[in-house]
Amino acid sequence: MLSSDVFGPDPAGGRCPGCHRPLPQDARFCASCGTPRADPRGPATAGRKIVTVLFCDLVGSTALSGSLDPEALRGVTLRYFDAMRGAIEEHGGTVEKFIGDAVMAVFGVPSVREDDARRALAAALGMLAALRALNEELHAGLGLRLTVRIGVNTGRVVTGSDASVRQALVSGEVVNVAARLEQNAGPGEVLIGPDTLRAAGAGVRAVEVGPLRLKGKAQEVTAHRLLGLHSGPPAGRADLPFVGREAELAVLDAEFGRAARQCSARLLVLGGEPGQGKTRLLRHWLELPGRGGRFGAGRCRPPGEQAGLQPLADAVTALLAKAPDRPALPGLEVLAQGLLADGTPTPSPEDTCAALVEVLGALAGAAPLVLVIDDAHWAAALLLDLLDRVVAALADAPVLVVVLGRPELLEAGPAGPHRVLPLGALSDREARRLAGALGGAAPAHLLERAGGNPLHLEQLLAAPAGAGGDGVPLTLQTLIGARLDALDPAERRAVDLACVLGREFAADELAALDTAGPDLSAALRRLGRLRLVVADGASFRFASGVVQEVAYECLSKQGRAERHERAAALRSVRAGGPAAVGGHLERAHRYRAELGLHGERTDALRRSAAASLAEAGARAAARTDPGWAVELLTRATALLHPGEDGRLPAARRLGEALLALGRIEPGRALLAEVGAGAADPVEAAHARLSLAAVGQQQAPAPVARETLPLFERAGDQLGQARACLRLAQQEQTDGRHAAAVRLLARALRHAGRSDGEQERASALGAIGVSLWRGPVPVAAAVGRCRELLAVQGRGRRAVRVTLNCPLAVLLALGDDQDGAAACLAEAGQHAERLGYAEAAAFLPLFGATVAALGGRSREALELLAAAAGAARELGGGALLSGALLDTARLRLDLGERPAAAAALAALEEERARTGGRLSFATLVERDGLRARLAAADGERVAALRLARGAVAEAGRTDSPILQGLAAADLARTAALLGLEQERRSAATAAGGRFAAKGHGPGARLAETLAGHHPRREAVS
């Protein structure tokens, strides 16, 4: 049999959910309509769910009490209450309480239904109709008429139950707004909230009123006056293309073809979760060529809204309308008396079945028929049983009966010839196609949340940003909430436990969360058949992210807090690292705090959460993931109180991560706070060193010299790595690269011992810079860089960024522009993934050097402008000084003296702004450029003093490139002053330095200067 008792809970307790007649205590089905009784256990007694609240109040009740005898008034009031209660319960609502002359009703308690909002609106209209009928009696007997006003609102509430008082105990803002809407309604009016209008779907006739300023609401509420309801199925998007489902269409074709060839009836059960597109699939298939319009369809409605066989009556009526020349049959007369008249099996189910077999067999004589029953999960048992019997009896008629329903329909196990066709999710490719048709590309996280469900995807795409407190459109919350409330207790418990763990979970995790509970293995298997979860090997995952989100939102905060606390101790969660543990503890603390459950337990959760998040943030920062580090450390510091253990290290790391992302001001503020404290000298030293690195308070090298002994005494490997790195960078800026490399090797050792990936990357990048600027010949330097990349760069994005940049310049020095471009491209790809703000400055700076060495001066200038802009946003410093100095050289090489002079002036302004000194190497290059400008202006003495001084100072370094540049600037200065012998001598010296380095562009420049050719060539 296709019938089953799993089609949802009884919303009316001891009444039939179909016809609302009283049921005997031991009855499993209604004797009147065949509707199965609900599971009396019902859902959990407390939680958070989407409901619709209705308030109704009498207008002018005070005047009424003054004009009627008290006994007559009591009779009128009781009759009024009975009429209102009857209209409410007829549509599946629960009367929560009577307050004076007011009635409060809830739709969605004890069980949520997806059409609760529509039921509430239908009840409101029914209450007005019932009042009109009552008024006719009251006017005839007492000469009076009653008037009411009604307010309806939908949203998430907290629910509980108290069986002793038979009240649902619904509370929340939704209730207050419903009451305010009722107070603002006029006599005989129904005002509905905006969420009710959305949740009720198509067919609501209403006119906007307001926006209204409701008492207790900060924002105005746009209300609507209810005018009426249209019946009928919801309208779909006819403008959307049909996507995918090739396999399912093939099954439908095969079943239809088999029925036609074998000339016998076939039954196909098409099941799938709400929103998967069952109706759309069948409609598309029926519209394909070859169907010939020979089909009839009927749709089941929720229990109580139609006669049990009405969907079958609608389908047969549609078939008859398409066969006007049908013969007169005795079976038609039988159907006309019952099934086609009022959807009942009059005179009996057996007679109705025989008549259907006769009529359908006759109609199928001309061509095969398709009979469709949609939404069969709401079908009465009598209807499903009748379909089984009709299909079995139609042995010689080509009829395909297609029954569409939700996964619970597939549990029924139909008898007779049948095929089950489960409808699954769209593939990722198909989901992207559908998203494009709906108006644009959907981000990956949204596609993941939708889980291949077309309706979920459509609703998520259509939802405004920040819609709802939980980010799930109200229509989906009610749809999924209704499915969850229809689960049996074990299934619901499994869902409630699993949703706390996230989208994916394992059965043993649920058992560990609920050690005293029953085994949930069978419940998980049933949830899989209901398509709420999907088995994935030994683990499970929710069918879509939205299902998990809605299930989580339905939990009480107390329940969430308890389960998150237990989840933090799970072995699987601890294996995920401190971030996973801290996330559960953080939420457990937050929910307890929101409930006002303060005390030692809540405080212990706070401290434990902060410690785990801070540990995870420290790991993320050390492993070059500043974005993740900022998120984790922000959460950790928010949980910790000033002066509490662990706050200073977390605040310091947060400040450093903020600086790395370019959020300079908040990063500086945090570091300044930590650096000024005396409670933890080591943390203060770290903060001061980090501030110095971004040009705050002091230069990095003096701070590094001061803090290095402190780090050594404390055994702080990371601090030693950072201090050695800053000291090495000072040696580099002073042109002493051999000394710098020794310090960098030490920094690299300390970084490795402390798991400091950023310090490792910085040290290796600095070694690459010394290989470029220092005495090692280009060929050997390239080999050394490649060796470091092979050994240290495997799996380390930051290292591949910092080493590829100087390697690109080394390759350009050797005239390998293609190789240089490849290195820069790889560095850029990795830098984009890392998110370090500093990359926006140093990547174009290295790119400009490569472009200049390749003779592309204009391209280099554009890159330098970008580098300077990014460096200014980061607070200036060495990166800005380098960009300005290179800009000045390129402008001067191009003969643009005013622009070169402006760049040098900006360099001086930057020095004055920061209050520091220019590096030794920068001073050498600056004086060489100033000498050339002075010579062009005829300032002979000043020009020679600056140029010769630059050569002398460069001689104190071990940088052949710096020495070559100083000699080349002297040669150009001498040429401008007409000093030919000094020009040739300086050019020869420059050529020797460049040749020793293997600097191809520099050597060619020196040859040009030695011959005093007017050729211009940029060199770095």
Note to self: Evaluate Arg119 against Arg113 for side-chain contact (heavy atoms from CB on, under 4.5 Å), listing each step before the verdict.
What the structure shows: CA-CA 9 Å; Arg119 286 172 176 269; Arg113 289 155 300 192; 3.6 Å; yes
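- Aromatic ring pairs are classed by plane angle as parallel below 30°, tilted from 30° to 60° and perpendicular above 60°; the pair Phe540 and Phe505 is parallel.
- For the residue pair Asp374/Thr279, the side-chain donor-acceptor check at 3.5 Å is satisfied.
- Between Arg389 and Asp385, at least one side-chain N (NZ, or NE/NH1/NH2) sits under 4.0 Å from a carboxylate O, which counts as a salt bridge.
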Next item on the list: Apply salt bridge (Lys or Arg N to Asp or Glu O under 4.0 Å) to Arg492 and Asp488, showing your working.
Entry: CA-CA 6 Å; Arg492 185 59 186 266; Asp488 71 28; over 6 Å; no
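- Going from atom CG of Asp116 over to atom NZ of Lys49 covers 9.0 Å, rounded to the nearest 0.5 Å.
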Check: Can Val547 and Val495 be said to form a side-chain contact (heavy atoms from CB on, under 4.5 Å), step by step?
Finding: CA-CA 10 Å; Val547 172; Val495 168; 6.0 Å; no
Next item on the list: Could you go through the salt bridge (Lys or Arg N to Asp or Glu O under 4.0 Å) check for Asp195 and Arg198 one step at a time?
Entry: CA-CA 5 Å; Asp195 286 337; Arg198 282 192 288 269; 2.2 Å; yes
Next item on the list: Check the pair Val401 / Arg266 against side-chain contact (heavy atoms from CB on, under 4.5 Å), numbers first and verdict last.
Entry: CA-CA 6 Å; Val401 178; Arg266 302 285 299 173; over 6 Å; no
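- The CD1 atom of Ile50 sits 11.0 Å away from atom CG of Asp485, with the distance rounded to the nearest 0.5 Å.
- Note: Leu335 CG to Leu340 CG = 5.0 Å, rounded to the nearest 0.5 Å.
- Here CG of Leu400 is found 10.0 Å from CG of Leu369. Values are rounded to the nearest 0.5 Å.
- At a cut-off of 3.5 Å, with distance as the only test, a side-chain donor of Ser348 or Asp351 sits close to an acceptor on the other residue.
- Of the possible donor and acceptor atoms, none in the side chain of Arg526 sits under 3.5 Å from a partner among the backbone N and O of Ala490.
- In this structure, the separation between CG on Asp388 and SG on Cys353 is 10.0 Å, given to the nearest 0.5 Å.
- Of the candidates Val251, Leu252, Val372, Leu404, Leu404 is the only one forming a side chain to side chain contact (heavy atoms under 4.5 Å, CB included) with Leu270.
- Contact of the Leu520 side chain with the Leu497 side chain is registered, since non-hydrogen atoms from C-beta on lie closer than 4.5 Å.
- A distance of 12.5 Å separates CG in Leu268 from CZ in Phe256, rounded to the nearest 0.5 Å.
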